[in-house]
Amino acid sequence: MAHSDVELAYAENVGVDDIVELQRPVALRYNVSFGDFIQFASAVGVSNCLGGPRLEFLAGRSNVSQASPDGLVPSPGDSVDTILARMSDAGFSADEVVALLAAHSVAAQEHIVTSIAGSPLDSTPSVFDAQFFVETLLNGTAFPGNDSNPTFEAKSPLPGEFRMLSDSLIARDSRTSCQWQSYVSDQARMVSQFEAAMAKMALLGQDASTLVNCSDIIPTPQAAAASVATLPAGKTMDDIEASCAETPFPTLKAASGPETSVAPV
Ligand code: HEM
Ligand SMILES: [Ca+2]
């Protein structure tokens with residue numbers, strides 16, 4: 001927000017321009033530091049998702065910052081090695097990377113394949129649930145839309161659903177697959193580990209003792225309709241590419257009805 005002239009030119013930040021331009025004048029009008037504003041808006045934003053986490057919000061970050069060098073944010077075309085190494089530089093374990101990726105349960109892509117902008121990463125993009133962790137493990141059958149971008153994209157299992165290459169690889173990598181699978185049968189743990197990892201991210205480069213805990217003002221999200229993930233209609237357990245060597249994949253009920261297809265958001 002402070003260095004958009006430099007940082008918005010980085011490939012990984014494509015698409016962040018809209019929200020930066022919308023939020024900057026609000027932060028300036030209310031004399032809130034950009035760091036605090038981004039943390040506050042994120043916590044309120046994600047609380048609007050059904051089943052969402054209730055994130056901590058600590059206020060008091062300084063508005064003094066420097067532009068980031070290029071190449072620090074992972075790309076969907078990066079290897080799992082590269083992504084885990086980058087996240088480890090910032091203090092995150094492989095388990096915490098998986099926890100953070102629960103955010104892709106309420107996500108869509110716009111810029112990897114622009115002709116299908118708005119294609120969600122799971123079938124329930126307004127619900128913060130474990131469907132993302134199930135659906136990324138289904139056998140990928142086709143690219144949605146008429147174009148594909150195989151440098152950044154993997155085949156998805158459902159019409160209209162988009163699978164990022166990095167999510168596909170992290171779901172299947174031996175360092176991350178058991179944590180990935182564990183969320184399938186434990187959505188509550190997914191939410192609490194996401195909250196913990198986000199609390200850690202919110203304090204990167206900060207001294208918590210100088211911040212004021214204003215978490216009371218963050219709304220409590222409404223519960224998700226289901227607390228247990230399902231197989232999308234039309235899929236069977238045979239379609240799951242179970243990737244955790246230690247624990248069998250949990251048996252899931254299949255949703256009834258015609259094959260699930262995912263509408264753009
Ligand atoms: C670890 C490596 C990650 C990679 C490679 C990655 C990559 C991406 C990409 C390429 C998109 C689509 C952007 C577009 O086309 O407009 C996206 C969407 C999104 N990502 Fe990630 N991401 C990662 C981790 C995270 C984390 C840690 C969070 C939050 C804690 C996050 C939250 C989101 C959200 C909320 C969206 C949806 C944005 C929207 O619907 O407009 N991602 N991610
Ligand atoms: Ca979801």
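Atoms within a ligand are numbered from 1 in the order they appear, just like the ligands themselves. Please read these numbers as outputs of a predicted model, since none were measured by experiment. Quick note: residue numbers are just sequence positions, from 1.
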Let me confirm one number: the CG-CE distance from Asn63 to Met1, rounded to the nearest 0.5 Å. 10.0 Å
Of all N, O or S atoms in Asp122, identify the one at the shortest distance from the Ca ion (ligand 2). OD2
Indicate if the distance from the Ca ion (ligand 2) to the nearest N, O or S atom of Thr124 falls below 3.0 Å. yes
Quick one: ligand 1 N/O to protein N/O pairs below 3.5 Å?
residue: ligand 1; atom: 15 (O); partner: Glu110; partner atom: N; Å: 2.8
residue: ligand 1; atom: 15 (O); partner: His111; partner atom: N; Å: 2.7
residue: ligand 1; atom: 16 (O); partner: Glu110; partner atom: N; Å: 3.4
residue: ligand 1; atom: 16 (O); partner: His111; partner atom: ND1; Å: 2.8
residue: ligand 1; atom: 20 (N); partner: His104; partner atom: NE2; Å: 2.9
residue: ligand 1; atom: 22 (N); partner: His104; partner atom: NE2; Å: 3.0
residue: ligand 1; atom: 40 (O); partner: Ala108; partner atom: N; Å: 3.1
residue: ligand 1; atom: 40 (O); partner: Ala108; partner atom: O; Å: 3.4
residue: ligand 1; atom: 42 (N); partner: His104; partner atom: NE2; Å: 2.9
residue: ligand 1; atom: 43 (N); partner: His104; partner atom: NE2; Å: 3.0

Look at the N, O or S atoms of Gln131, main chain and side chain alike, and state whether any lies under 3.0 Å from the Ca ion (ligand 2). no
Are any of the side-chain heavy atoms of Arg61 and Gln206 separated by less than 4.5 Å? yes
Does a side chain donor of either Asp81 or Ser79 reach within less than 3.5 Å of an acceptor in the other side chain? no
Please report the interatomic distance CG(Leu58) to CG(Leu203), rounded to the nearest 0.5 Å. 5.5 Å
Listed by chain and number, what are the side-chain contact (heavy atoms from CB on, under 4.5 Å) partners of Ser182, not counting sequence neighbours? Gln179, Arg189
Can you give each donor-acceptor pair under 3.5 Å made by side-chain atoms of residues 241-255, sequence neighbours left out, with the distance rounded to 0.1 Å?
residue: Glu241; atom: OE1; partner: Arg172; partner atom: NE; Å: 2.9
residue: Glu241; atom: OE1; partner: Arg172; partner atom: NH2; Å: 2.8
residue: Ser243; atom: OG; partner: Glu241; partner atom: O; Å: 2.8

Measure the acute angle between the ring planes of His104 and Phe132, then classify it against the limits of 30° and 60° as parallel, tilted or perpendicular. perpendicular
Of the backbone and side-chain N, O or S atoms of Val127, does one lie nearer to the Ca ion (ligand 2) than 3.0 Å? yes
With respect to the Ca ion (ligand 2), what is the nearest N, O or S atom of Asp129? OD1
My understanding is that a hydrophobic cluster links ILVMFWY residues whose side chain heavy atoms are under 4.5 Å apart, including indirect links. Using that, what else belongs to the cluster containing Tyr10? Val6
